[in-house]
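What you are looking at is a predicted structure, and each value in this text was computed from that prediction instead of being measured.
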Amino acid sequence: QVQLTESGGGLVQAGGSLRLSCAASGLTFSNYAMGWFRQAPGKERGLVATITWSGGRTYYADSVKGRFTISRDNAKNTVYLQMNSLNSEDTAVYYCAATRSLLLVTNDRAYDAWGQGTQVTVSS
């Protein structure tokens, strides 16, 4: 079955950077659009960024535009989220997700495989 495993979360000071990774198995990775989502305490899960199967198109939530970069390496079955200029509002559990699509997918309900999440905490 499809398995997604996130890593790279942790505690970082405001203004710092982190790089999240999500390793995928049990699927033909290049057939899947990938997304990063996050959920802060007391808030609903929300979209952070998505990327098409080839990496040719990306989409970012307004709150992270210019600070975060999503990328993928299909040879390694891995999607990344480079996060720069972090602030306290970025504190959340970050999840990667996969959906079998050649299109850019921004609706979380369209994703049918999810990782277990990785905690990102930004201290001010």
Q.
Show every salt bridge (Lys or Arg N to Asp or Glu O under 4.0 Å) that has at least one partner inside residues 65-87, sequence neighbours left out.
A. Asp62-Lys65, Arg67-Asp90
Q: Determine, using ring centers only, whether Phe68 and Trp36 are less than 6.0 Å apart.
A: no
Q. More than 12 foreign heavy atoms under 6.0 Å from CZ of Arg100: is that the case here?
A. no
(Q) Using the rule side chain to side chain donor-acceptor pair (under 3.5 Å), only one of Gln39, Arg38, Glu6 pairs with Tyr94; which is it? (A) Arg38
Q | Nearest non-hydrogen partners of Ile51 and Ile70, listed with the distance | A | CG2-CD1, 3.7 Å
**Q.** Trp53 backbone acceptor or donor facing Asn74 side chain under 3.5 Å
**A.** yes
Q: Give, for atom OG1 of Thr121 and atom CG of Leu18, the distance between the pair rounded to the nearest 0.5 Å.
A: 9.5 Å
**Q.** Thr99 and Asp112: CA distance, side-chain angles, deciding distance, side-chain hydrogen bond (donor to acceptor under 3.5 Å, both in side chains) verdict
**A.** CA-CA 6 Å; Thr99 182; Asp112 45 28; 4.6 Å; no
**Q.** Single-linkage hydrophobic cluster, 4.5 Å side-chain cutoff, Leu86 and Val64 together
**A.** yes
Q: Report whether Val122 and Leu81 are members of the same hydrophobic cluster (ILVMFWY, side-chain heavy atoms less than 4.5 Å apart, transitive linking).
A: yes
Q | salt bridge (charged side-chain N to carboxylate O under 4.0 Å, His left out) involving Arg57 - partner list, sequence neighbours excluded | A | none
Q | Atom of Ala40, atom of Thr91 and distance for their closest heavy-atom approach | A | CB-O, 3.6 Å
Q: Please check if Trp114 and Phe29 belong to a single hydrophobic cluster, counting links between Ile, Leu, Val, Met, Phe, Trp and Tyr side chain heavy atoms closer than 4.5 Å.
A: no
Q) Any idea which heavy atoms bring Tyr59 and Leu47 closest together, and the distance? A) CE2-CD2, 3.3 Å
Q) Quick one: do Leu4 and Tyr111 end up in the same hydrophobic cluster if we chain Ile, Leu, Val, Met, Phe, Trp and Tyr together by side-chain heavy atoms under 4.5 Å apart? A) no
**Q.** Considering all heavy atoms, the nearest Leu20-Met83 contact
**A.** CG-CE, 3.7 Å
Q. Got a sec: does the CD of Gln119 have more than 12 other heavy atoms crowding it under 6.0 Å?
A. yes
Q: List the atom of Ala110, the atom of Val105, and the distance in Å for their closest heavy-atom pair.
A: CB-CG1, 3.5 Å
